[in-house]
There are 2 protein chains.
Amino acid sequence: MKLTTKGRYAVMAMADLASFSKERPVSLTEISLRQNISLSYLEQLFIKLKQKKLVKSMRGSQGGYTLERPASQIKLSNIFIAVDEEVRTLNCKKDSKKGCNNKLIKCNAHFLWDKLDQHINSFFEKTLLEDLINKRLK
Amino acid sequence: MKLTTKGRYAVMAMADLASFSKERPVSLTEISLRQNISLSYLEQLFIKLKQKKLVKSMRGSQGGYTLERPASQIKLSNIFIAVDEEVRTLNCKKDSKKGCNNKLIKCNAHFLWDKLDQHINSFFEKTLLEDLINKRLK
DNA sequence: GAGATCTCCTAGTAAAATACTATGAATTAA
DNA sequence: TTAATTCATAGTATTTTACTAGGAGATCTC
C-alpha cells in the first residue's frame, strides 16, 4: 500500500502555490524547479486541478497559476480527488471479472475495507491546505 | 493510493483460518477454493506468515495450517507487515535518487506523510483478527 | 511401501499501473 | 515580434503486481 507520487506532487505543488502566489501568478516552471517535479508532468496535474476549480490560470508571458480559493477552504481530499488519487482499497467497482460484488456471497472482509477507506479519507477530509503550510496538523 | 491484493488476500486467508482451523489444519487448497485465490500465490504468502510466526504448518497428507496464536492476539498490522504490505506514503528510505532526505532542504510536506502513515497504521494496530471475524469493528 | 495430499522453494513472466517524455499549438505581456 | 507561458495529446520506459511453472520433501492412509 502506497501513496503514489501523483498525489504527493499535487499536494506539494498546491502548497507551493499557497505560499508563493499571493501577489502574482506562479508558473509551473518555478514549481518544477523548486519542488523538483517534471514540468510536463505538472502540466498534466494542473489541468485536472483547474477542472476541479482548485486553481485558476493566466496564460501567456508572466502568466501562471493562483489558488482559486483561499488555502483555508481547500481540503486535502479535494486535491487527491482532483488528480484521481482515490483511496481504493478494493477493486470491486466496475470490474466484472475481479472483485466480489458480482458474486452471490460478498467477500467476508468487504466491510473491513469500507471501514479502512473511511478511516483514511477522514484524514484528508479534516486536513486543510492551510494546516499544511502552517505545519499545524491535528 | 490503493491497497494491493497481497494484503487483502493475506487478511482474507487469515480470517478463513481463524474460522475453519479450530479443530484441524486447513489446507491452502481449501482456502484457495473458498476465497478464490491462486494456490501458488497463497503458498508464497503463507511462507511469510509462517516466518513471522502468525501461522504454523503441518506437512503431508491431511496437513495444512492453523493459527499460531488465537485471533484475539493477532493484529491486522501483524499480517500486513508479514506480507510486506507496508504503508509507505513516501519513498524516501534507501532510495538515493528519488525521495527527499538526501537533499539539504527536507521536502516541506514530509511531516504530512509521516502523520498520514501514523493515521493509517493506527487502524491496523487497533484492529484484531478476532474483530474482523466477529464483524466487530470500531 | 505406494500413492495421494500436502507444504516448501525458486524462477520466470504477463499484465497493469505509474511516471515521465516529446511535440506542438494557442495565448499574452513586454 | 519574441519570449514565456498554458493547453492538449500521444507515446514510452520503468516499475510493480499478480500470477504461473515445476519440482523437491514430508506425512498420512491404505
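Atom set for the values below is all heavy atoms of this structure, side chains included, hydrogens, waters and symmetry mates excluded.
- Within 4.0 Å (heavy atoms only), B/Ser40 reaches at least one base atom of the nucleic acid.
- With DNA chain D read from its 5' end, the first of the two nearest nucleotides for A/Gly64 and A/Gln44 is the one closest to A/Gly64.
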Sugar-phosphate or base contact per nucleotide [nucleotides 23-30 of chain D; S, B, -; heavy atom under 4.0 Å]:
--SBBB--
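- Summarising the geometry, the separation between CG on B/Leu42 and C1' on C/dC8 is reported as 14 Å, rounded to the nearest angstrom.
- Minimum atom distance to the side chain of A/Thr4 is reached by C/dA19, of the listed C/dA19, C/dA11, C/dC8.
- Rounding to whole angstrom units, CG of residue A/Leu39 and C1' of D/dT9 are separated by 15 Å.
- For B/Thr5 and D/dA18, the shortest distance from a side-chain N or O to OP1 or OP2 is below 4.0 Å.
- Listed candidates were D/dC7, D/dA18, C/dT7. Nearest to the side chain of B/Leu28 is C/dT7.
- In this structure, B/Tyr41 does not reach the D/dC19 phosphate: none of its side-chain N or O atoms is under 4.0 Å from OP1 or OP2.
- Within the 4.5 Å cutoff, side-chain heavy atoms of B/Val26 are placed close to those of B/Arg34.
- End-to-end axis angle of the helix from C/dG1-D/dC30 to C/dA30-D/dT1, from C1' rotation axes over five pairs per end: 10° (rounded to 10 degrees).
- Between A/Ser27 and the phosphate of D/dT6, there is no side-chain N or O to OP1/OP2 separation shorter than 4.0 Å.
- Taking atom CG on A/Leu45 and atom C1' on D/dT6, their separation rounds to 14 Å, with Å as the unit.
- Partner A/Met14 forms a side-chain contact (heavy atoms from CB on, under 4.5 Å) with one of A/Val83, A/Ile31, A/Leu49 and no other, that one being A/Leu49.
- Between B/Tyr65 and C/dC6 there is no side-chain N or O to OP1 or OP2 distance below 4.0 Å.
- Contact annotation for A/Phe46: no contact, since no heavy-atom pair falls under 4.0 Å across all strands.
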